[in-house]
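All figures in this text were calculated on a predicted structure; none of them were measured in a lab.
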Amino acid sequence: MPEEVAAAPLARRILDHGLVLFRTGTGRLVALADRCAHRLAPLSVGCVAGEHLRCGYHGAEFAADGRCVVVPGQGDIPQGARVRSFPILERYGFIWVWMGEPGLSSLSQPCGIFGYLEQGDWSTRDGYIPIACNYLLVNDNLADVSHTEFVHATTLGSPNARATRKDGMPLEQQGQHTFQAELRDGGIDFCIRFSNTRVAQVFETAYARVRGRDGWDTLDFRLEFVFRPPGFWIFRPITMRSGAAPEQGVQLDAFIVVTPATATTCHYFHKSCQAYAPRDAEETDYWHEQTGIAFREDKAILEAQQRNMGAGDLRDFPHVSFQGDRLGFQARRLIADLVAAERGSPATAAV
Ligand code: FES
Ligand SMILES: [Fe+2]
């Protein structure tokens, strides 16, 4: 996330590459391979020196393009003294790094689903959760709302608002919810709507905080998801008076970027955004705290799931699928198609 990258070098593993990220004295954002060209010490334990990154071992300095430009005590720079430099960009409140062939970089057009953050008045807060599981398991989790009432029993979940089944739902709820999913722009948009329902405490509280607690027992609730491969998500719960338009509701836009670190670890970057009270940071803090708790509930089950598979993947083990896995399958298929189309060339990753 942008505020993580400052003058102090930041080490981050992306697609099994060690990177060091930093801002130079003039504020330029730089991503280099985190391995000195001299004796392979991590450059991330060095420091920024003006426009250069200085290795913490023997003081060699590297410019933003990865060239070694200073060797203390000697005038000659050895030929080939350089480290790999990665194209990097700050946009939509994230930092984007191109991990593939520099000539093929599509960095000038990072995933556009977050672009609307640049319009309008938003209050935002950033979060980061390292998760010890393969990033595809996180996508599976986000595409699968059926886990919500169990993993998030006391946070985002509510047995009154089951999205994928009707059994056990209070009678007055049956037939009052809809689930829609469609393929769009190479990804999946899906939406669950409930009318006249008691929603999870988190959403009721959010609504009551700004609209008061008087005059309603039930609410309408809309849960929108946007997925674009390989790991870009918007989670958008909207709570409103029964019969009211979504624009009149209390809406959170939670952006999530899932970035592979290794085969069994990933980065979960999230941003809590709200525009209904952009001057009121407490509203954003409320959402950020609540979603942070829920996302850590996901982390716990995902890490336990990965531990049960060792270094393997779901496909390495016999398993069965339920109806709620349908969109997760679809998400995996879209990614597999992209991987095939790119013939193994890595995609843009957020760090
Ligand atoms: S290892 Fe970096 S200067 Fe020697
Ligand atoms: Fe979850």
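- Ser242 is listed as a side-chain neighbour of Thr218, based on a closest heavy-atom distance under 4.5 Å.
- At least one donor-acceptor pair under 3.5 Å links the side chain of His319 to the backbone N or O of Phe317.
- Remark: side-chain polar atoms of Lys299 are not paired, donor with acceptor, to backbone N or O of Ile129 under 3.5 angstrom.
- For the residue pair Glu283/Tyr276, the side-chain donor-acceptor check at 3.5 Å is satisfied.
- Annotation: cation-pi pair Arg222/Phe179 absent, no NZ/CZ under 6.0 Å from the ring centroid and within 45° of its normal.
- You'll find the side chain of Ile192 stays beyond 4.5 Å of the side chain of Thr178, heavy atoms only.
- Heavy-atom neighbours of Gln74 CD from other residues, nucleotides or ligands within 6.0 Å: above the threshold of 12.
- Checking side-chain atoms of His288 against main-chain N and O of Asp126 turns up a donor-acceptor pair under 3.5 Å.
- Between the side chain of Asp220 and the backbone N or O of Asn196, at least one donor-acceptor pair lies under 3.5 Å.
- Formation of a donor-acceptor pair under 3.5 Å by the His267 side chain with backbone atoms of Arg13 is found in this model.
- In summary, the side chains of Glu204 and Thr239 do not present any donor paired with an acceptor at a separation below 3.5 Å, with no hydrogens or angles considered.
- With a 4.5 Å cut-off on side-chain heavy atoms, Gln290 and Asp285 do not count as touching.
- Here Arg209 does not pair with Asp280 in a salt bridge; the nearest charged N to carboxylate O distance is not below 4.0 Å.
- Defined by atom type and a distance below 3.5 Å, a donor-acceptor pair is missing between the side-chain atoms of Asp253 and Trp122.
- Taken to the nearest 0.5 Å, the CZ atom of Arg296 stands 9.0 Å off from the CD1 atom of Ile131.
- When Tyr268, Tyr116, Phe235 are each tested for a ring-ring contact (aromatic ring centres under 6.0 Å, His included) with Phe255, only one passes: Tyr116.
- Checking side-chain atoms of Asp325 against main-chain N and O of Phe322 turns up a donor-acceptor pair under 3.5 Å.
- Side-chain contact, Thr24 with Glu51: a donor N or O sits under 3.5 Å from an acceptor N or O.
- Side-chain atoms of Arg23 come within 3.5 Å of backbone atoms of Val5 as a donor-acceptor pair (strictly under, hydrogens ignored).
- Remark: aromatic rings of Phe94 and Phe114 are close, center separation under 6.0 Å.
- Within a 6.0 Å sphere centred on CZ of Arg35, heavy atoms belonging to other residues, nucleotides or ligands number 12 at most.
- Taking each heavy atom of Ser85 and Ala64 in turn, the nearest pair found is OG-O, 2.9 Å.
- A distance below 6.0 Å separates the ring centres of Phe232 and Trp96.
- A donor-acceptor contact shorter than 3.5 Å links the side chain of Thr291 to the backbone of Trp287.
- Pro87 has its side chain out of reach of Val97: every pair of non-hydrogen atoms, C-beta onward, lies at least 4.5 Å apart.
- Using modelled atom types, no side-chain atom of Asp185 and backbone atom of Gly187 make a donor-acceptor pair closer than 3.5 Å.
- Inspection of the His17 and Asp34 side chains reveals no N or O donor paired with an N or O acceptor under 3.5 Å.
- Between Phe295 and His270, the distance from one ring center to the other falls under 6.0 angstrom.
- Tyr207 meets the ring-ring contact (aromatic ring centres under 6.0 Å, His included) test with Trp216; sequence neighbours excluded.
- Side-chain atoms of Glu303 do not come within 3.5 Å of backbone N or O of Cys133 as any donor-acceptor pair.
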